[in-house]
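A short write-up of the structure that comes next.
Quick caveat: nothing in here was measured; it's all calculated off a predicted structure.
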Amino acid sequence: MTQPAKTEATAAEVQTFREGMARLGAAITILTTDGPAGKHGMTASAVCSVTDSPPTLLVCINKSNRSHDIIEKNGVIAVNVLGGRHRDVAGLFASKKDEEERFAGAAWRTMATGSPLLADAPVAFDCRITDSNSVGSHTVFFCEVQAMELAEGQAETLIWFGRDFHHITAV
């Protein structure tokens with residue numbers, strides 16, 4: 001099948017797309033890594049499942065983000081899904097503060113890959129990056145789950161919708 005030629009989006013199209021995306025609620029996560037390039041973390045919402053066999057997540061990171069190259073070089077990543085009580089932690093990892101300050105704001109542990117896992121996350125996925133693809137301004141990382149932990153009794157999440165955080169709980 002022949003693909004149409006790609007064209008650059010106009011400023012109006014970019015703004016309209018961003019407004020549309022603000023209306024698409026997304027889970028808030030903290031992506032963390034540790035390895036040869038160092039320990040690092042960032043707040044992200046561009047995460048989704050790919051398949052359950054093998055369990056794999058897709059994570060999109062802007063190439064201009066300071067976390068991008070560190071995560072790529074380490075080759076491992078933890079996806080820490082946040083609950084309502086983690087709003088301040090999400091803000092901390094979205095800030096320009098140094099890593100020591102960011103990680104001091106919560107309790108962490110490790111599992112299979114050595115990436116930091118948020119101790120009280122509703123769910124944390126410990127992954128090895130198995131593939132990536134460059135698309136425009138972002139890299140799409142395919143992350144095979146090596147280990148995971150579900151917290152008991154925590155049917156909640158923190159989402160980003162309408163350019164703000166919202167706490168959602170199961171009824």
Answer with yes or no whether the hydrophobic clustering places V76 together with L118; edges join I, L, V, M, F, W, Y residues whose side-chain heavy atoms lie under 4.5 Å apart.
-> no
Transitive ILVMFWY side-chain link M111 to M148, under 4.5 Å | no
Between S132 and T139, which heavy-atom pair has the shortest distance, and what is it?
-> CB-CG2, 3.8 Å
Counting heavy atoms not belonging to K73, are there more than 12 under 6.0 Å from its NZ?
-> no
Atom SG of C143 and atom CG of L58: how far apart are they, to the nearest 0.5 Å?
-> 7.5 Å
Parallel, tilted or perpendicular, as decided by the 30° and 60° cut-offs, for the rings of F93 and F103 = perpendicular
For residues S115 and T113, is any side-chain donor paired with an opposing acceptor at under 3.5 Å?
-> yes
With distance as the sole test, does T32 use its side chain to make a donor-acceptor pair with the main-chain N or O of P116 at under 3.5 Å?
-> yes
Work out which heavy atom in C127 is nearest to a heavy atom in L57; give both atom names and the distance.
-> SG-CD1, 4.2 Å
Are I28 and R87 close enough that some pair of their side-chain heavy atoms sits under 4.5 Å apart?
-> no
Exercise: do H40 and T33 side chains pair donor with acceptor under 3.5 Å = no
Do F125 and I129 share a hydrophobic cluster (ILVMFWY, side-chain heavy atoms under 4.5 Å, transitive)?
-> yes
Tightest non-hydrogen contact, residues A112 and D126, listed as N-OD2, 2.8 Å
Nearest 0.5 Å, what's the CD-CG distance between E156 and L82?
-> 9.5 Å
Under 3.5 Å donor-acceptor, N74 side chain and A37 backbone = yes
Pair N80-H86, side-chain donor/acceptor within less than 3.5 Å | no
Do side-chain atoms of Q146 reach the backbone of E144 as a donor and acceptor pair under 3.5 angstrom?
-> yes
Going hydrophobic residue to hydrophobic residue with side-chain gaps under 4.5 angstrom, can you get from L117 over to I30?
-> no
Between V145 and V47, is there a shared hydrophobic cluster once you connect ILVMFWY residues whose side-chain heavy atoms come closer than 4.5 Å?
-> yes
Scan for salt bridge (charged side-chain N to carboxylate O under 4.0 Å, His left out) pairs involving residues 100-117, sequence neighbours excluded, and state none if there are none.
-> K97-E101, E99-R102, R109-E149
Where A94 and T43 come nearest, the two heavy atoms and their spacing = N-OG1, 3.3 Å
Nearest atoms (heavy-atom pairs only) where L92 meets G105 = CD2-CA, 3.9 Å
Compute whether any side-chain donor of one residue and acceptor of the other, for S134 and K63, lie under 3.5 angstrom apart.
-> yes
Nearest atoms (heavy-atom pairs only) where D34 meets G114 = CB-O, 3.6 Å
N62 CG to S137 OG distance, which is reported to the nearest 0.5 Å | 4.5 Å
Hey, does H68 have a side-chain heavy atom less than 4.5 Å from the side chain of M42?
-> no
4.5 Å side-chain heavy-atom contact, L31 and I61 | yes
Residue set satisfying salt bridge (Lys or Arg N to Asp or Glu O under 4.0 Å) with R128, at least two apart, ordered chain then number -> none
